[in-house]
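Read through the structure below, which is laid out as structure tokens, and then see the notes.
Order of listing sets the numbers, starting from 1, for every ligand and every atom in it. Sequential numbering from 1 along the given sequence is applied to the chain's residues.
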Amino acid sequence: MRVRELPLDSDYRDHFREEGIDELYPPQAAAVDAGVCDGENLVAAVPTASGKTFVAELALLSADGPGLYICPLRALAREKYEEFAAIPGLDAGIATGDYDSAAAELAAHDVVVATSEKVDSAIRNGAAWIADIACIVVDEVHLLGSDGRGPTLEVTLATLRRRTADPQLVALSATVDNPAAIADWLDAALVESAWRPIDLRTGVYADGVVTYDDDHTQVVSVDDPPQGPDDTGADGDETEATVALVEAAVAEGGQALAFVRSRREAERLAERLTDENFAATADIGMEAATVAEELRQAGTTEQGTRLAEAAAWGVAFHHAGLRSDHRAAVETAFRDRKLAVICATPTLAAGVNVPARRVVVRDQRRYTGSGMEWLPTLEVHQMAGRAGRPGLDPYGEAVLVGDPNTRTELWDRYVDAEPEAVESQLRDRAALRTHVLAVVAAGFADSQAGILDLLGETFYAHRTPNPDLGGVVGDVIAELIEAELLAPAEEESVELTATDLGEQVSRQYVTPETGTRIVDGLERVAGMADEQVTKLTLLEVVCDTPDMDDTYLGNSERASLYQFVRRRSGELTTALDEPDDFESWLESVKTARILLAWTEGASVADLVGDYRIGPGDLESRIERAAWLLGAAEALAEVLDLRVPVIAELRASL
Ligand code: ADP
């Protein structure tokens with residue numbers, strides 16, 4: 001099937017041809033056959049890089065009205081927005097930034113790109129433009145199975161289907177075990193395919209040899225790990241194997257992605273790889289120096305300097321601790337073939353489009369609260385799926401680094417195995433509290449039966465033979481009434497309403513737990529003498545909420561933080577003997593202390609050095625603090641509480 005045969009405007013067809021899309025890939029042709037251009041609902045479960053975006057574009061461009069493209073991550077939203085904005089005659093909009101708005105400015109666009117959280121919050125804030133949407137695309141719909149994000153996505157989709165007049169639904173998924181269940185839920189046709197534009201070979205490395213799933217083997221010459229106090233530690237052999245595998249790909253003119261378990265490991269591996277002098281290879285050559293210069297100019301932190309130094313050798317590291325502009329610069333440079341290798345944490349695999357000839361997965365286990373755990377098959381498949389750049393590489397190769405003891409296990413878990421099924425996480429109580437409050441506050445339900453009716457349209461209810469959410473929803477309603485966020489209604493026909501406080505908590509897009517903690521903090525602030533209330537006071541309140549990220553507290557910092565807490569205890573809303581979990585409260589105070597220093601003019605470099613926090617983490621905490629303080633101000637208004645300092649604090653963030 002050719003693009004010129006499609007029922008699209010000729011401007012669009014010309015645009016796609018200019019983009020190199022002429023003949024449709026088989027899964028795209030299957031999507032057209034399934035009616036994606038005729039308003040039919042569709043789930044496309046196909047591998048990475050098999051052209052899902054074009055399937056989405058077909059739906060959006062042939063729909064009878066405005067479209068909404070829902071993405072899990074902001075970086076992805078930006079990437080898609082740029083792709084849509086380049087389509088001639090298409091007016092694309094992007095919703096980023098504040099959570100607490102209806103994003104009314106988005107009403108005028110042909111296509112709006114937004115994260116699922118942003119769509120959820122726009123619905124809660126009564127966004128009228130939602131009702132007009134004719135086509136909804138959900139990217140990475142398999143994230144229905146992730147805790148936190150998943151419940152928001154399924155409740156948002158259930159609500160969207162109620163608030164809009166029968167829009168076309170197109171859901172794009174990685175290859176998962178049960179795409180038919182998702183398709184069934186969405187009343188959609190299913191296009192399921194393992195087709196890739198470029199062949200993928202997956203293999204396991206052990207003892208100097210890679211064995212691939214097409215039965216061929218490859219001998220790799222691996223150095224012994226360096227010895228002595230500076231050696232590469234317990235992962236020495238795996239690291240050297242990774243270096244050799246990366247080096248071989250680059251020597252053949254390819255690029256590589258190397259996945260490791262932690263940020264620190266990503267940086268260490270990058271440092272090790274700088275010894276290989278990839279900058280001397282023809283392609284990367286001169287360009288690496290330009291990238292290094294760009295990175296150097298973009299920032300002055302110690303981490304930024306190290307990143308720039310590595311980039312000069314054609315190597316970069318990539319993880320959530322990096323500033324977002326550094327992350328974006330690394331991705332672009334890699335796509336432009338100005339870097340030979342990126343050493344990354346698994347988050348890169350779920351993110352933006354950075355294909356490479358060879359993907360090396362050095363670590364397949366990572367620390368969780370309860371020890372080292374194997375990564376899910378789906379996650380490793382997503383990493384492997386990054387292998388192979390169409391048009392540039394003859395094939396893609398994904399290699400899992402193991403040893404003679406783990407070889408069979410790696411093969412069974414990741415090469416021979418199917419990815420996991422997507423399972424709903426909605427039964428999680430905290431998720432239900434949030435969404436039950438939201439549903440009532442937005443006026444979508446005014447009784448337990450009404451709530452259950454709406455939740456009956458979720459993936460959870462669809463998947464569970466006897467969902468029986470009645471008991472747990474009843475408990476959650478009782479908890480929300482106890483927290484004064486919901487109240488039994490006084491009118492006869494209505495059973496439940498949200499209190500003014502509950503409504504504001506929902507609109508501000510904070511969780512009920514955060515709302516309650518902020519209210520408690522504000523009430524304490526109201527009882528303090530004005531001169532006791534400082535920026536630290538308010539920062540402690542918002543940092544000690546579940547909606548603020550935790551900040552790691554090292555052993556060596558504990559004593560000094562404890563002294564700080566004792567010295568400034570008069571300004572804090574929590575007494576030292578009060579927290580049930582003192583350690584976690586102390587971590588919150590650490591975050592507050594960092595943010596306080598930031599408002600007092602400390603530079604990113606100072607804070608990174610003094611508090612061992614990544615520049616990217618600092619960036620996200622500042623943003624969260626601004627959001628939570630905004631919420632606190634709105635909640636104070638509902639409660640008619642005066643909060644000194646807050647306006648000044650918000651202005652100084
Ligand atoms: P996915 O979202 O499935 O990971 P993308 O939609 O990002 O993949 O597509 C990957 C690449 O393939 C893009 O660069 C895109 O322009 C290109 N592409 C998509 N469809 C075609 C096609 N039919 N012919 C040639 N290139 C295509």
Side-chain angles (χ1 to χ4, degrees), residues 1-6 8 12-33 36-37 42-61 67 69-73 75-88 90 92 111 113 137-143 170-176 179 190-200 255 257 331-332 334-337 347-357 359 378-379 381-393 395-396 398 419:
M1 195 182 288
R2 312 286 296 261
V3 169
R4 69 174 136 79
E5 297 163 38
L6 296 174
L8 291 178
Y12 294 153
R13 291 199 302 245
D14 292 346
H15 168 76
F16 290 122
R17 273 210 298 276
E18 276 162 28
E19 295 283 294
I21 303 182
D22 190 10
E23 180 79 34
L24 267 61
Y25 287 161
Q28 295 168 339
V32 173
D33 288 340
V36 76
C37 299
L42 179 80
V43 170
V46 293
T48 313
S50 54
K52 290 194 280 290
T53 312
F54 184 64
V55 172
E57 286 165 339
L58 288 178
L60 293 165
L61 295 176
Y69 189 102
I70 306 177
C71 272
L73 301 170
L76 269 179
R78 167 82 25 207
E79 188 177 287
K80 297 298 169 195
Y81 164 73
E82 279 162 13
E83 267 178 69
F84 299 155
I87 299 177
L90 186 84
V111 174
V113 187
V137 179
V138 189
D139 199 0
E140 314 264 347
V141 74
H142 53 270
L143 291 175
V170 174
L172 310 173
S173 171
T175 320
V176 294
L190 173 65
V191 169
E192 187 181 9
S193 165
W195 183 89
R196 288 176 39 104
I198 179 162
D199 280 346
L200 173 66
Q255 292 168 283
L257 295 175
E331 290 154 11
T332 308
F334 191 79
R335 269 196 295 265
D336 295 344
R337 295 180 62 82
T347 46
L348 181 67
V352 291
N353 188 17
V354 276
R357 175 164 317 169
V359 168
L378 178 61
E379 211 171 313
H381 283 191
Q382 287 213 291
M383 296 179 199
R386 299 277 162 201
R389 287 187 76 158
L392 279 175
D393 296 332
Y395 48 77

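The distance from ligand 1 to the heavy atoms of Gly20 drops below 4.0 Å at these ligand atoms: 24 (N), 25 (C), 26 (N). For ligand 1, the atoms closer than 4.0 angstrom to any heavy atom of Ser50 are 3 (O), 8 (O). Near Thr48, meaning under 4.0 Å from one of its heavy atoms, ligand 1 places the atoms 4 (O).
Ion pairing between Glu79 and Arg335 holds under the 4.0 Å rule for side-chain N and carboxylate O.
At the shortest separation from atom 12 (O) of ligand 1 among protein heavy atoms lies Tyr25 OH, 4.0 Å. Nearest non-hydrogen protein atom to atom 4 (O) of ligand 1 is Ala49 N, 2.6 Å. The closest protein non-hydrogen atom to atom 20 (N) of ligand 1 is Gln28 NE2, 2.9 Å. At the shortest separation from atom 13 (C) of ligand 1 among protein heavy atoms lies Asn353 ND2, 4.8 Å. Of all protein heavy atoms, the one lying nearest to atom 3 (O) of ligand 1 is Lys52 N, 2.9 Å. When hydrogens are left out, the protein atom nearest atom 6 (O) of ligand 1 is Thr53 OG1, 2.8 Å; that is the closest non-hydrogen contact. The nearest heavy-atom contact from the protein to atom 16 (O) of ligand 1 is Ile21 CD1, 4.1 Å.
Note: an N/O pair closer than 3.5 Å links Gly51 and ligand 1 by distance alone.
Gln255 is listed as a side-chain neighbour of Arg337, based on a closest heavy-atom distance under 4.5 Å. With contacts defined as side-chain heavy-atom distances shorter than 4.5 Å, the pair Tyr12/Val3 does not qualify. The side-chain heavy atoms of Gln28 and Met1, taken from C-beta on, include no pair separated by under 4.5 Å.
With hydrogens and angles ignored, the 3.5 Å screen pairs a side-chain donor or acceptor of Lys52 with a backbone N or O of Val46. Side-chain N or O atoms of Arg196 include none that pairs as donor or acceptor with a backbone N or O of Ala49 at under 3.5 Å.
Under the 30°/60° scheme for interplanar angles, the aromatic rings of Tyr25 and Trp195 are found to be tilted.
Note that atom 22 (C) of ligand 1 has protein non-hydrogen atoms nearby, at separations under 4.0 angstrom.
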Exercise. Please walk me through it: do Val137 and Ile70 pass side chain to side chain contact (heavy atoms under 4.5 Å, CB included)?
Worked result: CA-CA 6 Å; Val137 179; Ile70 306 177; over 6 Å; no
